[in-house]
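Chain letters run A, B, ... following the sequence lines, proteins first, then strands; residues in each count from 1.
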Amino acid sequence: MGTTGYNPQEIEGKWQAEWERAELYAVTEDVSRPKKYVLEMFPYPSGDIHMGHVRNYTIGDVVARQAAMSGFKVLHPIGWDAFGLPAENAAIKSNTHPAEWTYANIEKQRASLKRMGFSYDWDRTVVTCDETYYRWGQWIFLKLWERGLVERKASPVNWCSDCKTVLANEQVVGDGQCWRCKTAVEKRELEQWYFRITEYAQDLLDDLEVLPGWPERVRTMQANWIGRSEGAEVEFEVVGPAGDPSGERITVFTTRPDTLFGCTFFLLAPEHPLVPGLVEGTGYEPAVTAVVAAAARESAVERQLGEREKNGAFTGRYVINPVNGEQVPIWVADYVLMDYGTGAVMAVPSGDQRDFEFARKYGLPIPPVVIAEDDPLFATLSGVAERVADDVDWEEAYAGDGVMVQSGQFTGTQAGKGKEGARAVTAWLAERGLGRSSINFRLRDWLISRQRYWGNPIPAIHCPSCGLVPVPEGDLPVMLPMGVDITAGETLADHPEFYETTCPRCGASATRETDTMDTFTCSSWYYLRYCDAGNSEVIWDRSKADYWMPVDQYIGGIEHAILHLLYSRFFTKAFCDLGLLSSAEPFTNLLTQGMVKLDGATMSKSRGNVVAPEEMIGRFGCDSLRAYILFMAPPDKDLDWSYGGLEGMHRWLGRVWRLVADAAEKRMPAGAASEKAAGLRREMHRVIGKVTADVERFQFNTAIAAMMELTNAAYDYRKSVPSAEQDPTALLEASETLTLLLAPFTPHLSEEMWRVLLGYGGSVHLEGWPVFDPALAAADTVELAVQVNGKVRGRVVVGADEAEEAVVAAAREAVAAWAQDAEPRKIIVVPGKLINIVC
RNA sequence: GCCCGGGUGGCGGAAUGGCAGACGCGGAGGUCUCAAAAACCUUUGUCCUAUGGACGUGUGGGUUCGAAUCCCACCCCGGGCACCA
């Protein structure tokens with residue numbers, strides 16, 4: 001057998017073709033076997049794949065291949081998230097059609113992914129801009145609509161002037177910028193389509209608890225985004241212009257009903273609809289209008305920058321504080337947000353820093369109502385039910401827990417979020433119909449309509465007499481017309497042949513909706529379509545979806561911590577309620593991989609610091625690249641690319657190749673087992689255990705290090721034992737084990753070694769994963785470190801099951817020169833590790 | 001400001017209460033060669049009065065027989081959230 005050396009270029013293409021011919025990775029349901037659904041976030045086809053993809057998909061491939069060797073039925077699919085704005089931008093730039101650009105990139109990426117040897121079931125590929133996929137996206141829209149989860153409403157929305165479309169709240173990042181182009185987002189009052197994700201706010205929050213396989217960071221980010229607050233709604237009656245009772249009430253939300261006695265003014269957001277009516281024709285109108293206008297002029301960016309000076313104006317009107325009947329002035333303040341709570345706030349300057357600053361600026365009273373027991377004021381005010389102190393000399397508001405003071409019958413009660421005082425005040429209000437306990441979420445409904453061409457058309461029709469009418473299921477899909485010239489700035493709204501239609505309900509002439517859906521609607525269910533990708537009758541066969549779902553291991557970037565991962569959870573829950581699916585959560589375990597950087601900087605085409613995977617594959621083969629990208633760092637950490645390391649990886653694989661080739665060549669009947677051969681076998685079993693455990697916890701870097709150690713042990717054996725005395729069986733065993741352990745990491749090299757060098761008939765990828773036997777990894781002797789007062793002063797070699805007294809005696813002997821003559825005060829024995837003699 | 005990560009040789013990293021620096025890169029030296037490449041071998045934390053010893057995991061304290069690891073305080077880096085009532 002020739003040992004011409006490891007040449008990846010000769011073997012990789014060969015085996016890729018063979019695997020495809022043998023349909024090695026096509027998979028079907030098999031209820032008799034445990035399944036594992038391994039999924040990586042599908043790519044957006046913007047050019048060729050980059051190192052980030054290589055890392056993401058290699059991690060998934062190792063998990064998938066190792067699971068298959070361990071006896072699982074493994075679903076490992078791939079597809080493309082193909083609708084979206086980059087395709088439009090690229091098309092405008094290069095004067096082509098978005099479809100042309102998109103499909104060309106898909107083909108490029110498909111070839112690159114195949115060149116990496118990933119074990120995908122290519123028959124299940126989905127492409128979201130393909131009619132066979134997006135028609136089901138429209139079907140989902142109709143189902144959600146039927147269930148009351150779709151809504152069209154007018155609301156202040158985020159508008160990106162660069163992308164010329166509205167954005168969901170989740171797509172506004174940083175200090176109020178568009179997630180794609182980083183342009184500052186503007187607020188506009190528009191009528192748009194929403195998915196009512198807020199219906200699931202509580203479920204989405206609660207079920208984070210049943211996702212222990214998710215990084216805590218991601219769960220925290222989602223919990224914060226959902227932003228649940230417990231508190232109360234309190235109703236304030238507006239006093240009429242002449243001091244008469246108006247009967248009109250304004251509701252506020254507060255997390256601190258226990259501070260109600262400290263409410264000395266009342267705030268409305270500048271956009272609050274009641275504001276104009278309150279001041280119209282009064283002397284207060286000019287000042288209030290100025291505040292409203294100033295707030296409207298500010299961009300969302302400026303508005304969201306906290307810590308800036310608060311502005312407001314008195315409206316000349318009052319509300320009645322329901323707890324003590326006092327009249328409280330209504331102000332308009334620019335720090336009150338219209339889209340959280342009710343857009344109205346009870347201001348408690350002594351208990352809220354923002355209200356405190358506002359009160360100081362405008363000379364409003366700051367009566368203390370919650371006092372910490374160690375506060376000097378506590379002694380004076382603790383039993384005072386009437387208001388005696390109308391101001392404080394504090395530097396800042398006190399928002400902590402304490403005791404209620406100057407609070408009528410509640411004085412002396414425990415104060416704080418959810419404390420007795422808060423409950424008591426809420427109950428008192430509820431009895432009188434002036435309030436109730438309430439929960440508020442920060443999460444907003446998901447704005448899904450986009451004023452863009454390259455997306456999934458919203459299947460709705462505007463009828464002048466019937467209003468909004470869903471496109472009948474039988475008429476799906478609403479085809480996205482190809483003849484729209486976006487380079488000329490056209491959208492669907494410029495194409496009457498698209499939007500002119502008749503109402504399915506009354507038959508009158510009507511118009512189609514010309515907005516398309518947010519691309520995130522497409523990526524929120526692709527993992528379900530993979531379960532039954534080719535089905536043209538139904539979205540998926542429920543038994544197939546129930547067999548594969550949930551995804552056992554999902555792998556992708558942290559940038560989707562909220563967006564994609566929250567939307568997908570929402571879809572899954574809605575599907576569950578629609579009876580389409582059994583699992584309420586889509587992804588059981590989540591691994592967020594770190595970024596691949598170059599000299600500490602994110603790789604990007606515009607920076608010109610991109611390392612092309614293609615080029616690395618050309619030089620060293622994809623197996624070296626795969627192993628190296630895993631070896632550089634644990635998968636969740638960012639890594640810095642280095643060329644030298646890749647060469648080192650390639651060098652090691654060559655070393656493995658020569659070891660296996662040599663062992664296969666010298667294959668002969670088992671010789672006499674020597675102690676050194678036994679040592680090699682022990683090392684081999686130790687490494688099986690280590691690699692198995694490391695793959696399980698995604699420590700691919702240490703798994704590879706362990707395999708390098710086995711390689712070194714085998715080389716060491718060959719070096720230290722004369723050829724004639726070597727046990728060829730031990731080397732052959734080590735070689736075969738290494739070949740099997742490496743199979744998920746370097747599938748082509750392993751296949752070549754298995755089938756060509758070692759001469760086996762079948763694919764290494766159909767072999768069983770080596771089984772770890774701790775007994776075979778155990779040595780008969782161990783070396784122990786001997787410490788004196790915690791410092792290593794010597795070492796002893798003892799039998800593995802030597803009695804403790806004998807071990808201690810040997811240890812004391814070894815450090816006789818260090819230990820004092822006197823009897824040690826204490827001797828600590830850590831079996832198999834060390835002995836510490838304390839003098 | 002609040003909430004998460006993280007800080008270990010020249011570099012990537014290993015060790016989650018028990019021998020700090022596994023494994024690899026890089027460096028130094030050697031074998032083979034006319035030579036080079038490849039391969040193989042040795043060596044590689046710092047310092048010192050050097051067959052030995054001291055020091056050493058961001059800083060300062062603490063707990064422990066023993067701390068990179070646990071606790072307290074602080075510094076630095078990265079990320080997320082941030083006028084959410």
Among the nucleotides G13(B), A85(B), G24(B), whichever has the atom closest to the side chain of L337(A) is A85(B)

Atom P, compared across G26(B) and A35(B): separation rounded to whole Å
24 Å

Closest to the 5' end of RNA chain B, once F253(A) and D716(A) are matched to their nearest nucleotides, is D716(A)

Hey, does the side chain of Y340(A) come within less than 4.0 Å of A85(B)'s phosphate (OP1/OP2), counting only N and O?
yes

Think T220(A) has a side-chain N or O under 4.0 angstrom from the OP1 or OP2 of G80(B)?
no

When the P atoms of C19(B) and U63(B) are compared, how many Å lie between them, rounded to an integer?
22 Å

So that I can tick it off, tell me whether R436(A) and E235(A) are bridged by a salt bridge, with the cut-off set at under 4.0 angstrom between side-chain N and carboxylate O.
yes

For the P atoms, the ones on A67(B) and on G30(B), what distance do you get once it is rounded to whole angstrom?
42 Å

Considering only the P atoms, how many Å lie between G60(B) and C65(B), rounded to the nearest integer?
23 Å

Can you tell me the distance, in whole Å, between the CD1 atom of I704(A) and the C1' atom of A22(B)?
14 Å

Figure out the CG/C1' separation between D694(A) and C23(B), and round it to whole Å.
12 Å

Residue R658(A), side-chain heavy atoms: nucleotide from A39(B), C19(B), G5(B) that is nearest:
A39(B)

Which nucleotide, in any strand shown, forms a Watson-Crick or G-U wobble pair with U59(B), with both distances under 3.5 Å?
A73(B)

Rounded to whole angstrom, note down the C1' distance from A22(B) over to C84(B).
49 Å

Between G79(B) atom P and I562(A) atom CD1, what is the distance in whole Å?
16 Å

Ranking G648(A) and K791(A) by the position along RNA chain B of their nearest nucleotide, the one closer to 5' is G648(A)

When rounded to the nearest 0.5 angstrom, what distance separates CZ in R651(A) from CG in L646(A)?
10.5 Å

Could you check whether T254(A) gets within reach of a base, just the sugar-phosphate, or nothing at all, counting any heavy atom under 4.0 Å?
sugar-phosphate

Which listed nucleotide (A85(B), C23(B), G5(B)) is nearest to the side chain of E216(A)?
G5(B)

For every nucleotide of nucleotides 60-72 of chain B, 5' to 3': is a protein heavy atom under 4.0 Å from its base (B), only from its sugar-phosphate (S), or from neither (-)?
-----B-------

Under a 3.5 Å limit on both distances, the Watson-Crick or wobble mate of G17(B) is none

Go ahead and name the base partner of C47(B); Watson-Crick or wobble counts if both distances stay under 3.5 Å, otherwise write none.
G53(B)

Would you measure the distance from the C1' atom in G6(B) across to the matching atom in A85(B) and give it in whole Å?
34 Å

Just checking E783(A): does its CD atom have more than 12 heavy atoms from other residues, nucleotides or ligands closer to it than 6.0 angstrom?
yes

How close or far is atom C1' of G13(B) from atom CE of M649(A), stated in whole angstroms?
12 Å

Does a side-chain heavy-atom distance below 4.5 Å link P257(A) with T259(A)?
no

So if I take every side-chain heavy atom of R442(A) and compare against A82(B), A14(B), A85(B), which nucleotide ends up nearest?
A82(B)

Say we look at A73(B) and G18(B): how far apart would their P atoms be, to the nearest angstrom?
25 Å

Candidates A14(B), A54(B), A22(B) - which lies nearest the side chain of A705(A):
A22(B)

Measure from the side-chain heavy atoms of R651(A) and tell me the nearest of C3(B), G26(B), G13(B).
G26(B)

Would G61(B) be called syn or anti here, given the cut-off of 90° from 0?
anti

Are the aromatic rings of H650(A) and Y6(A) close, with centres under 6.0 Å apart?
yes

If you count every heavy atom of other residues, nucleotides or ligands that lies below 6.0 Å from K182(A) atom NZ, does the total exceed 12?
yes

Less than 4.0 angstrom between a side-chain N/O of R219(A) and OP1 or OP2 of C4(B), yes or no?
no

Please check the phosphate of A22(B) (OP1 and OP2 only) for any side-chain N or O of N712(A) closer than 4.0 Å.
no

In whole angstrom, give the distance that lies between atom CG of L598(A) and atom P of G12(B).
14 Å

Applying the Watson-Crick and G-U wobble criteria at under 3.5 Å, what pairs with G12(B)? Answer none if nothing qualifies.
C23(B)

What integer distance in Å separates L646(A):CG from C25(B):C1'?
12 Å

Whole Å only: how far is the CH2 atom of W652(A) from the C1' atom of C40(B)?
18 Å

Determine the contact category for V792(A): base if any of its heavy atoms lies under 4.0 Å from a base atom, sugar-phosphate if only primed atoms, P, OP1 or OP2 are that close, otherwise nothing.
sugar-phosphate

For R354(A), which contact category applies under a 4.0 Å heavy-atom criterion: base, sugar-phosphate, or nothing?
base

Tell me the partner of A82(B), counting only Watson-Crick (N1-N3 plus N6-O4 or O6-N4) or G-U wobble (N1-O2 and O6-N3) with both under 3.5 Å; none if nothing fits.
none

What contact category does E647(A) fall into here, base, sugar-phosphate, or nothing, at under 4.0 angstrom with non-hydrogen atoms?
nothing

Atom CZ of R697(A): over 12 foreign heavy atoms under 6.0 Å
yes

Quick one: are the ring centres of F358(A) and Y335(A) less than 6.0 Å apart?
yes

Winner on side-chain proximity to R697(A), out of G24(B), C84(B), A15(B), is A15(B)

Within the 4.0 Å heavy-atom criterion, would you say R444(A) contacts the bases, only the backbone, or no part of the nucleic acid?
nothing

Taking atom C1' in both U69(B) and A15(B), compute the distance separating them and give it to the nearest angstrom.
9 Å

Rounded to the nearest 0.5 angstrom, the CG-NZ distance for L784(A) and K833(A) is 11.5 Å

Would the number of heavy atoms belonging to other residues, nucleotides or ligands and lying under 6.0 Å from CD of Q353(A) be above 12?
yes

Using only side-chain N and O atoms of N701(A), determine if any of them is under 4.0 Å from OP1 or OP2 of A14(B).
yes

Verify the contact: side-chain N or O of K719(A) to OP1 or OP2 of U42(B), cut-off strictly under 4.0 Å; return yes or no.
yes

F700(A) has an atom CZ; how far is it from atom P of A14(B), in whole Å?
13 Å

Nearest to the side chain of R655(A) - C3(B), A14(B), C41(B)?
C41(B)

Under a 3.5 Å limit for both distances, which nucleotide forms a Watson-Crick or G-U wobble pair with A38(B), could you say?
none

Determine the interplanar angle of the Y567(A) and W446(A) rings, folded into 0 to 90°, and report it as parallel if under 30°, tilted if 30 to 60°, perpendicular if over 60°.
parallel

If you take the centroid of each ring, where Trp contributes its six-membered ring, are W652(A) and F631(A) closer together than 6.0 Å?
no

